[in-house]
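We count residues from 1, following the sequence as given.
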Amino acid sequence: MLRLGEIQTLRIARKVDFGVYLSDEEGAQEVLLPNKYIPENTGVGDTVEVFVYRDSQDRMIATTLMPKLTIGQTARLKVVQVGKIGAFLDWGLEKDLFLPYRQQTHKVSEGEEVLVGMYIDKSGRLCATMNVYRELSSESPYQKDDQVSGTVYEIHDRLGAFVAVDEKYSALIPKKELFGVTLAPGDKIEARVAQVREDGKLNLSVRRKSYLQIEEDSMHILQLLEKGGGSLPFNDKASPGVITERTGMSKNEFKRAVGHLLKEKKIVITEKGIRLS
């Protein structure tokens, strides 16, 4: 059968003035391939690799142009127009791909590149969606501590930031790893694989390994001390809210860094705060 939104090999069944009709293996369905897309030196009985979609009049049609996105894949596509009911994306074909408002995880703007998948709507038309979770694979080649790059496609208040690694592998930056980090859908990130879960999906960290992060956090505290004239009006017993507001760190991160500086005898902890030794 003809598969909308997929690349497939079909046989030339018959020729007409404006093109050729291609048929599936059973010969039960036909689709038009316009003259401008017919490969040279092909005739009735030959096979052609084509992409099947609907044209501007919603007619099933074939093309030898290869789109940037097919069913079951994800890709970054450029927004070429924003209208009243959604946006239109450049996917390499004459007719732009429609991205409905309800399938946007944030309001897109013209010229922006967005990570999308593709689906067939109730009217039988191909549309884009920014809800790409189901399209992502859990069979990545990555191992713990590998460095990866990806695109944030959703922020979940309770779970964290969902990421498409290499735009095709499923990953999550857990909420605890986002402390002091601001991300939004569409952001490109570099991260470290913190864990390969049993289901194959990746947990990522945008923070460095703990021993490296302690050094970085310690330097940050020293800089704050210098800016504060050599002292800070709070110590590691302060409330988490105060610590976060003043340092951008969680209380645990602050305590680890303060302990490291204390061990190196670079600071002194007092009842009211911290000062340089």
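- Only one option out of I267, N235, D217 pairs with V258 in a side-chain contact (heavy atoms from CB on, under 4.5 Å); it is I267.
- Only one option out of E177, K176, Q195 pairs with S205 in a side chain to side chain donor-acceptor pair (under 3.5 Å); it is E177.
- A salt bridge between R192 and D145 is present, with a side-chain N of the basic residue lying under 4.0 Å from a carboxylate O of the acidic one.
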With a 3.5 Å cut-off and sequence neighbours excluded, list the donor-acceptor pairs that the side chains of residues 155-172 form with protein atoms.
residue: H156; atom: ND1; partner: R158; partner atom: N; Å: 3.1
residue: H156; atom: ND1; partner: L159; partner atom: N; Å: 3.1
residue: D166; atom: OD2; partner: Y142; partner atom: OH; Å: 2.5

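- Residues passing the ring-ring contact (aromatic ring centres under 6.0 Å, His included) test with Y119: none are found, sequence neighbours excluded.
- A salt bridge links K36 to E94: at least one charged side-chain nitrogen sits closer than 4.0 Å to a carboxylate oxygen.
- At a threshold of 4.0 Å, the pair R76-E113 counts as salt-bridged, since one of the basic side-chain nitrogens sits closer than that to a carboxylate oxygen.
- Open room surrounds CE on M219; 12 or fewer heavy atoms of other groups in view lie less than 6.0 Å from it.
- Residues L97 and L77 are in side-chain contact: their nearest non-hydrogen atoms beyond the backbone lie under 4.5 Å apart.
- Here CG of L65 is found 7.5 Å from OH of Y53. Values are rounded to the nearest 0.5 Å.
- Contact check on R14 versus E30 returns a salt bridge, with a Lys/Arg side-chain nitrogen under 4.0 Å from an Asp/Glu carboxylate oxygen.
- In this structure, F98 CZ and D121 CG are separated by 8.5 Å, a value rounded to the nearest 0.5 Å.
- Partner of T151 under the side-chain contact (heavy atoms from CB on, under 4.5 Å) criterion, chosen from L115, I189, D187, T74: L115.
- Residues L224 and I269 share a hydrophobic cluster, clusters being chains of Ile/Leu/Val/Met/Phe/Trp/Tyr side chains in contact below 4.5 Å.
- For CD of E264, the number of neighbouring non-hydrogen atoms (other residues, nucleotides, ligands) closer than 6.0 Å is greater than 12.
- A side-chain N or O of E112 and one of H106 form a donor-acceptor pair less than 3.5 Å apart.
- Between the CG atom of L225 and the CG atom of L232 there is a distance of 4.0 Å, given to the nearest 0.5 Å.
- Within the structure, the salt bridge (Lys or Arg N to Asp or Glu O under 4.0 Å) test picks out the following pairs touching residues 51-65 (sequence neighbours left out): D55-R59, D58-K95.
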| request: Take F51 and Y37 through the test ring-ring contact (aromatic ring centres under 6.0 Å, His included) and record every step on the way to the result. | output: CA-CA 11 Å; F51 178 74; Y37 299 127; over 10 Å; no
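- Around the OH atom of Y101, the shell of radius 6.0 Å holds more than 12 heavy atoms that belong to other residues, nucleotides or ligands.
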